[in-house]
Amino acid sequence: MIKREYNNRIIWGVIVETEAYAELEPACHGFKSRTAKNETLFGEPGRLYVYLTYGIHHCVNIVTEKKGWASGVLLRAIAMPNEHHRVAAGPGLLAKRFGLNRNHDNSLISVENGIWLRKSSADTKMSPIIQTTRIGISQAKNLPWRWYMKNSRSVSKRALGDRSPKPSEAWSPSSKEGP
DNA sequence: CTTTCGATTGCCT
DNA sequence: GGCAATCGAAAGG
């Protein structure tokens, strides 16, 4: 589960949908270049990479892998048992509900910073976990790097309609190499 | 410099 | 199903 303290309150939920992004594939923000904007993605694991998308919504990632290698896990949906099942059922919605924005970019995940992770029996309650392709991207659509809890009602709306990638959208690793 | 478009959401037909 | 909202990178001239 993920926990968050802000406005003098602690809220929590189970992460029920994620996607992985890494430097070796073109959908990743760190694929083309390393800039001030995406620097966090190249930084040390355990920090948040938060960016604005569509000029309106924020997307929250947890940086993974080793320092110097752009990689992260996008949090796409959180189930909050004590609230309406859709309040955090999407990347933008969960960022909003958990009060996270660009100011939290590069923040270390810790109790001191008001955002942290814990294991819980609630985490496995909605299994099995389905692995499939990512959503809302235009490149490397064939990579099966999305995971979600099959039995959760809080999985993002668009995640429900799966489709297999067309051959023209297929992508396979070429020059870039992993860590 | 100008134009395009995105790791989305919500409202409309 | 379609599309506006709304901003800033990235791409194009």
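All chains are named by letter (A, B, ...) in the order of the sequence lines, taking the proteins before the strands, and each is independently numbered beginning at 1. The figures here come from the full heavy-atom set of this structure, side chains too, leaving out hydrogens, waters and symmetry mates. Fair warning: this is a prediction, and the values are worked out from it, not measured in the lab.
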Between C1' of dA7(B) and CZ of Phe31(A), the distance in whole Å: 16 Å
Distance, C1' atom - from dC3(C) to dC5(B), rounded to whole angstrom: 15 Å
Complement of dT6(C), any strand, by Watson-Crick or G-U distances under 3.5 angstrom: none
Per Tyr21(A) side chain, nearest of listed nucleotides dA9(C), dA7(B), dG10(B): dA7(B)
Proximity to the side chain of Ile56(A) - top-ranked nucleotide from dT8(B), dT9(B), dA5(C): dA5(C)
Glu25(A)/Arg134(A) ion pair, N-O < 4.0 Å: yes
OP1 or OP2 of dT8(B) under 4.0 Å from side-chain N/O of Arg76(A): yes
Atom-to-atom span, NE2 of His58(A) to C1' of dG8(C) - whole angstrom: 12 Å
Separation of dG8(C) C1' from Asp105(A) CG (nearest whole Å): 15 Å
Candidates dG6(B), dG10(B), dA10(C) - which lies nearest the side chain of Leu93(A): dG10(B)
Selection from dA7(B), dA9(C), dT9(B) that lies nearest to any side-chain heavy atom of His57(A): dT9(B)
Pairing of Arg76(A) and Glu19(A) as salt bridge, 4.0 angstrom limit: yes
Value in whole Å for how far the C1' atom of dG8(C) lies from NE2 of His29(A): 12 Å
Donor-acceptor pair, side chain of Asn7(A) and main chain of Arg9(A), under 3.5 angstrom: no
Test: Arg4(A) cationic atom under 6.0 Å from Tyr6(A) six-membered ring centre, within 45° of axis: yes
P-based separation of dC12(B) from dT6(C) [nearest Å]: 15 Å
Side chain of Lys37(A) - closest among dG6(B), dG10(B), dG8(C): dG8(C)
For atom NZ of Lys32(A) and atom C1' of dA11(C), their distance in whole Å: 8 Å
Protein-nucleotide distance (Asn38(A), atom CG; dA9(C), atom C1'), rounded to Å: 11 Å
Between C1' of dA10(C) and OH of Tyr54(A), the distance in whole Å: 15 Å
Stacking check Tyr51(A) vs dA7(B) (5.5 Å / 30 deg): no
P spacing across the pair dA11(C) / dA7(B), given as an integer number of angstrom: 12 Å
N-O pairing of Glu44(A) and Lys66(A) below 4.0 Å: no
Phosphate OP1/OP2 of dG10(B) contacted by Lys157(A) side-chain N/O (<4.0 Å): no
d(CG, Leu52(A); P, dA5(C)) in whole Å: 17 Å
